[in-house]
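Keep in mind the model is a prediction, meaning the values are calculated, not measured. Chain A is the first sequence line, chain B the second, and so forth, proteins listed ahead of strands; every chain is numbered from 1.
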Protein chains: 2
Amino acid sequence: MSLNNNWIDRAMEEIEKFRDYIKEKGLRNTPEREIIIEEIFSTHDHFDVDELFLRMRNKKKIVSKASIYRTIPLLVESGLIKEVFFEDGHLHYEHIYGHKHHCHLRCMCCGRNLEFSDDEIEKIQKQIGKKYGFVITSHRFELLGYCPQCAQRQGVQKAYRPSGKVRGKSAKSN
Amino acid sequence: MSLNNNWIDRAMEEIEKFRDYIKEKGLRNTPEREIIIEEIFSTHDHFDVDELFLRMRNKKKIVSKASIYRTIPLLVESGLIKEVFFEDGHLHYEHIYGHKHHCHLRCMCCGRNLEFSDDEIEKIQKQIGKKYGFVITSHRFELLGYCPQCAQRQGVQKAYRPSGKVRGKSAKSN
DNA sequence: ATTATTATTGAGACTCATTTTCAATGGTAT
DNA sequence: ATACCATTGAAAATGAGTCTCAATAATAAT
Ligand SMILES: [Mn+2]
Ligand SMILES: [Mn+2]
Ligand SMILES: [Zn+2]
Ligand SMILES: [Zn+2]
């Protein structure tokens with residue numbers, strides 16, 4: 001009944017969903033894939049491949065990056081996770097199975113990332129879809145700005161970098 | 001007074017704005033930079049670096065990609081263009097100077113890309129900002145789905161690719 | 001105009017996230 | 001057992017974007 005157990009139950013539920021997907025697609029489930037899912041759902045955090053790989057390595061759950069890269073598309077297709085767009089030039093993901101849809105509010109300065117929901121957005125989506133005859137399947141709504149803390153010590157006026165890419169910042173070992 | 005002349009006038013206006021920006025930043029204007037701006041504003045199309053480079057090359061306006069990559073941040077900073085997020089794994093841009101803010105409605109199947117404006121979005125932005133104490137400077141709102149044409153011949157159910165990246169699709173010469 | 005200063009340019013090397021190749025391994029079904 | 005073929009890890013490949021460097025050119029100072 002502990003918090004810890006909740007996480008485990010949670011991951012189990014996701015793994016079950018994944019097994020179904022794998023089966024109906026005629027693919028094969030593997031320990032590597034289950035380890036990956038387990039780790040992803042062991043926290044609520046958004047993640048990128050490198051972070052995930054390191055988290056796993058720290059726990060001695062070694063799976064090659066290639067397999068991580070190969071598993072992620074399956075998780076997206078099966079509706080367990082989805083892409084989240086940050087401004088640092090590579091993809092991030094978050095789990096969505098069992099989460100309600102939400103949008104993000106991000107600080108351009110410190111990277112702080114809040115989630116919020118707003119029903120208006122859904123209405124607008126429906127409305128615009130009708131107007132243009134599109135079948136809309138999803139949306140991305142992100143608010144960018146400065147968090148309370150960063151808003152104060154302003155004047156930091158960072159120069160624009162494509163996608164926020166900053167060279168030599170990712171000192172993550174491989 | 002021809003349409004053609006309008007484009008030229010248009011580019012002139014942008015170039016003027018750029019010259020100001022360059023000057024106040026203590027940088028130098030160059031023929032290369034003006035050629036790039038001229039080409040960008042010669043159509044209303046969204047573009048990526050490669051497309052721009054090829055468009056220019058076709059018109060014998062040769063500027064290195066390095067210079068294009070170096071000029072784009074200046075154009076973004078000066079408020080002439082901004083990033084647009086597509087699903088093909090690299091950055092696209094659009095001009096905004098003289099355009100009103102708009103969001104995008106994109107077909108996941110054929111890539112068709114419509115623009116629309118909605119005042120509600122602005123209200124929500126303000127509202128959420130207040131709620132969380134953020135100073136919001138911008139937003140991204142994109143609707144993803146299928147255009148009328150593609151919605152019909154459905155079942156195309158494409159497999160997910162990170163950022164929609166498809167290897168071996170960019171047969172653009174370098 | 002000359003000269004000094006320093007930003008800019010093009011080529012090509014480089015980085016890094018992601019993809020692909022390939023040989024070895026291992027499920028699954030008959 | 002045997003055949004079939006999806007999956008894996010390691011390493012090579014890819015490609016958008018960045019950086020280095022020597023040559024050039026815009027601007028400022030004389
Ligand atoms: Mn989220
Ligand atoms: Mn647009
Ligand atoms: Zn912040
Ligand atoms: Zn379409």
Side-chain angles (χ1 to χ4, degrees), chain A residues 18-19 21-37 47-54 56-57 61-74 76 83 85-93 159-174, chain B residues 18-19 21-37 47-54 56-57 61-74 76 83 85-93 159-174:
Chain A
F18 184 72
R19 284 183 181 139
Y21 177 77
I22 282 303
K23 185 162 293 178
E24 78 185 17
K25 251 217 146 182
L27 302 177
R28 295 172 189 165
N29 198 9
T30 67
E32 286 82 1
R33 285 172 177 171
E34 300 216 342
I35 289 174
I36 292 168
I37 299 175
F47 65 93
D48 64 30
V49 169
D50 237 58
E51 286 162 9
L52 182 59
F53 176 75
L54 293 179
M56 291 173 63
R57 195 172 64 175
K61 307 203 164 181
I62 309 298
V63 174
S64 73
K65 271 190 189 170
S67 286
I68 294 177
Y69 274 111
R70 282 184 289 229
T71 299
I72 281 178
L74 298 175
V76 174
E83 289 181 346
F85 292 88
F86 277 43
E87 294 72 30
D88 62 355
H90 63 266
L91 284 170
H92 291 241
Y93 298 89
Y160 165 78
R161 294 278 156 205
S163 289
K165 193 168 292 191
V166 176
R167 197 41 91 66
K169 247 313 184 48
S170 59
K172 303 171 185 173
S173 60
N174 194 22
Chain B
F18 184 71
R19 284 183 181 139
Y21 177 77
I22 282 301
K23 185 163 293 178
E24 77 185 20
K25 252 218 146 183
L27 302 177
R28 294 169 189 172
N29 198 9
T30 67
E32 286 82 1
R33 286 172 177 172
E34 299 216 342
I35 289 173
I36 292 169
I37 298 174
F47 65 94
D48 63 30
V49 168
D50 238 56
E51 286 163 10
L52 182 59
F53 177 75
L54 292 180
M56 291 173 64
R57 195 172 62 174
K61 305 201 166 184
I62 308 298
V63 174
S64 73
K65 270 189 190 171
S67 286
I68 295 177
Y69 273 112
R70 283 184 288 227
T71 299
I72 281 178
L74 298 174
V76 174
E83 291 181 346
F85 293 87
F86 277 43
E87 294 73 31
D88 61 356
H90 62 266
L91 284 171
H92 291 242
Y93 298 89
Y160 164 79
R161 294 280 158 205
S163 290
K165 193 168 292 188
V166 177
R167 199 40 94 66
K169 245 313 185 43
S170 58
K172 304 166 183 173
S173 59
N174 193 21

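The CZ atom of B/R161 sits 20 Å away from the P atom of C/dA17 (whole-angstrom rounding). Here the P atom of nucleotide C/dA7 and the CZ atom of B/R33 are 11 Å apart, to the nearest Å. Whole-Å rounding puts the A/D88 CG to C/dC16 C1' distance at 12 Å. In this entry the distance linking CE of A/M56 with C1' of D/dT8 reads 13 Å, nearest Å. The distance between atom CZ of B/F53 and atom C1' of D/dT18, rounded to the nearest whole Å, is 16 Å. Computed from coordinates, the A/D48 CG to C/dC16 P distance equals 14 Å when rounded to whole Å. When rounded to the nearest whole Å, the span between NZ of B/K23 and P of D/dA26 equals 14 Å. Residue A/D50 contributes atom CG, which lies 8 Å from atom P of C/dT18 at whole-angstrom precision.
Between B/E83 and B/F85, the closest side-chain pair of non-hydrogen atoms falls below 4.5 Å. Side-chain contact check for B/N29 versus B/K23: every heavy-atom pair is 4.5 Å or farther apart. Using a 4.5 Å cut-off on side-chain heavy atoms (C-beta onward), B/L52 and B/D48 make no contact. Counting only heavy atoms from C-beta outward, the side chains of B/D50 and B/H90 never approach each other to under 4.5 Å. Contact check for A/L74 versus A/R70: no side-chain heavy atoms found under the 4.5 Å cut-off. You'll find the side chain of A/V63 stays beyond 4.5 Å of the side chain of A/F53, heavy atoms only. Between A/E34 and A/E32, the closest side-chain pair of non-hydrogen atoms is not below 4.5 Å.
Expressed to the nearest 0.5 Å, how far CG of A/L91 lies from OH of A/Y69 amounts to 8.5 Å.
Ranked by how close their nearest DNA chain D nucleotide is to the 5' end, B/Y69 and B/P31 are led by B/Y69.
At the phosphate of D/dG9, OP1 or OP2 sits under 4.0 Å from a side-chain N or O atom of A/S67. Look at A/T30 and you'll find a side-chain N or O under 4.0 angstrom from OP1 or OP2 of D/dT8.
In terms of polar N and O atoms assigned as donor or acceptor, the side chain of A/R70 comes within less than 3.5 Å of the base of D/dG9 in a complementary pairing.
The B/A66 side chain lies nearest to C/dG10 when the options are D/dG9, D/dT7, C/dG10. The side chain of B/H90 lies closest to D/dA16 when the candidates are D/dA16, C/dG12, D/dG9. In this structure, the nucleotide among D/dG17, D/dG9, D/dT7 sitting nearest to the side chain of B/L91 is D/dG17.
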Listed pairs, N/O of protein and of nucleotides 27-30 of chain D, under 3.5 Å:
none

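The backbone N or O of A/R28 lies less than 3.5 Å from a partner atom in the side chain of A/R33, making a donor-acceptor pair.
Taking the six-membered ring where tryptophan is involved, the planes of A/H92 and A/F86 are essentially parallel, since the angle between them stays under 30° and well short of 60°.
Each end of the helix from C/dA1-D/dT30 to C/dT30-D/dA1 yields a helix axis from five base pairs, and these two axes differ in direction by 30° (to the nearest 10 degrees).
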